[in-house]
Number of protein chains: 2
Amino acid sequence: MSTPLLEILKRHQLSVTDSRKKILELFQHSNGALAHADIEKKTGELFDRVTIYRTLQTFVDKGIIHTIPTADNSVLYALCKDECTQGHHHDNHVHFICDTCNMTYCLDHVTSPQVSLPNGFQEKRTDVVISGICNLCN
Amino acid sequence: MSTPLLEILKRHQLSVTDSRKKILELFQHSNGALAHADIEKKTGELFDRVTIYRTLQTFVDKGIIHTIPTADNSVLYALCKDECTQGHHHDNHVHFICDTCNMTYCLDHVTSPQVSLPNGFQEKRTDVVISGICNLCN
DNA sequence: GTAACTGCAAAATATTTGCATCCTT
DNA sequence: AAGGATGCAAATATTTTGCAGTTAC
């Protein structure tokens with residue numbers, strides 16, 4: 001199903017460490033997005049808080065995960081599809097946040113719509129975040 | 001042009017104080033969104049940092065301003081259109097963030113597109129954030 | 001062996017809360 | 001006069017940085 005951990009890390013020229021393996025695994029086994037706090041909770045005392053921050057940042061830089069915009073303050077991360085290359089994310093899919101279970105999904109098969117902008121505005125990237133009720137809570 | 005300050009505050013049953021007048025005025029004179037830090041900078045030493053936090057929260061609660069989702073950690077606020085009522089925002093317009101000048105615009109006249117979701121997902125609210133180059137920087 | 005990664009400590013930043021005082025109505 | 005808003009102090013939470021020790025390759 002999902003690409004082996006080691007292959008992903010190696011493809012991005014990252015050395016294979018416990019924290020990277022574990023955190024990447026968490027993303028693969030979660031069908032939604034994760035926040036720093038989620039990861040901290042799920043890894044227990046395994047890694048330092050700082051290591052988690054740095055690992056997430058590294059993954060973002062390398063194009064392994066991407067951040068998801070949220071209206072409140074929180075920062076969420078989710079796996080990129082395989083086509084993401086370093087420094088160039090192609091995550092133009094729709095994100096869905098369930099108001100009930102609070103889960104955040106990447107709807108990989110729903111692509112962002114084309115929006116026509118006023119004169120002079122030039123689109124480079126479109127993020128769509130839809131909230132409502134997910135299929136499990138419905 | 002814009003609704004008088006006092007009228008807006010009174011309509012939402014808020015007492016008229018210096019900080020509320022000043023902060024609301026800032027939003028009216030800005031054609032973009034503002035962050036807590038922007039407001040702090042523009043008001044100088046006039047008000048306490050905490051007062052700004054509380055004033056912004058009050059405005060959000062009352063439906064005078066709304067937050068804008070951003071992929072990084074920052075929280076941005078912008079004026080709601082007049083139809084917003086307490087606890088019920090109707091800000092279904094598109095937001096635009098300029099990569100060059102870093103300004104955030106509410107494109108009030110560009111409404112969020114309808115997105116068709118997978119079975120079982122029910123939309124309640126759609127946020128669209130487009131980044132690129134704005135009309136002034138273009 | 002070397003460069004990169006981690007843990008720990010601490011700094012920097014951001015946000016929230018309690019309470020006494022002041023201001024709006 | 002009474003309730004709400006503010007300022008200040010301090011608690012809490014979040015993120016970043018420096019550095020020494022450890023690990024991957």
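Heavy-atom basis, side chains included; hydrogens, waters and symmetry copies ignored. By convention in this document, chain letters (A, B, ...) are assigned in the order of the sequence lines, proteins followed by strands, and residues within each chain are numbered from 1.
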note: B:E45, atom CD; D:dC8, atom P; distance rounded to Å ~ 10 Å
Closest heavy-atom contact between B:L79 and B:H66?
-> O-CE1, 3.3 Å
In whole angstrom, what separates B:H36's NE2 from C:dT15's C1'?
-> 9 Å
Checking all strands, does A:V16 fall into the base, sugar-phosphate, or nothing category for heavy-atom contacts under 4.0 angstrom?
-> sugar-phosphate
Just how far, in rounded Å, is P of D:dA5 from NZ of B:K21?
-> 15 Å
Do any N or O atoms from the side chain of A:T43 and from the backbone of A:I39 form a donor-acceptor pair under 3.5 angstrom?
-> yes
Nearest-nucleotide comparison on DNA chain C, the residue closer to the 5′ end among A:L46 and B:T17 = A:L46
Check every atom of D:dC8, C:dG7, C:dC5 against the side chain of A:L14 and return the nucleotide holding the closest atom.
-> C:dC5
Considering just the side-chain nitrogens and oxygens of B:S15, establish if one lies under 4.0 Å of OP1 or OP2 belonging to C:dT25.
-> no
Rounded off to whole Å, could you give me the CD-to-C1' distance for the B:Q13 and C:dT24 pair?
-> 15 Å
Integer-rounded Å distance: C:dC23 P and B:L9 CG | 18 Å
Which part of the nucleic acid does A:R49 contact within heavy-atom distance under 4.0 Å: base, sugar-phosphate only, or nothing?
-> base
B:R20 atom CZ is separated from C:dT24 atom P, nearest whole Å, by 11 Å
Can any side-chain N or O of B:S30 pair as donor or acceptor with the backbone N or O of B:L26 at less than 3.5 Å?
-> no
From D:dG7, C:dC8, C:dA14, pick the nucleotide closest to the side chain of A:V50?
-> C:dC8
B:N138 side chain to A:G120 main-chain N or O, any donor-acceptor pair under 3.5 Å?
-> yes
Provide the closest heavy-atom pair for A:S112 versus A:T126 in the form atom of the first, atom of the second, distance.
-> OG-O, 3.6 Å
Taking only N and O in the side chain of A:R54, is any of them less than 4.0 Å away from OP1 or OP2 of C:dT6?
-> no
For the pair made of NZ in A:K22 and P in C:dT6, what is the distance, rounded to whole Å?
-> 15 Å
What's the CZ-C1' distance between B:F47 and D:dA5, to the nearest Å?
-> 12 Å
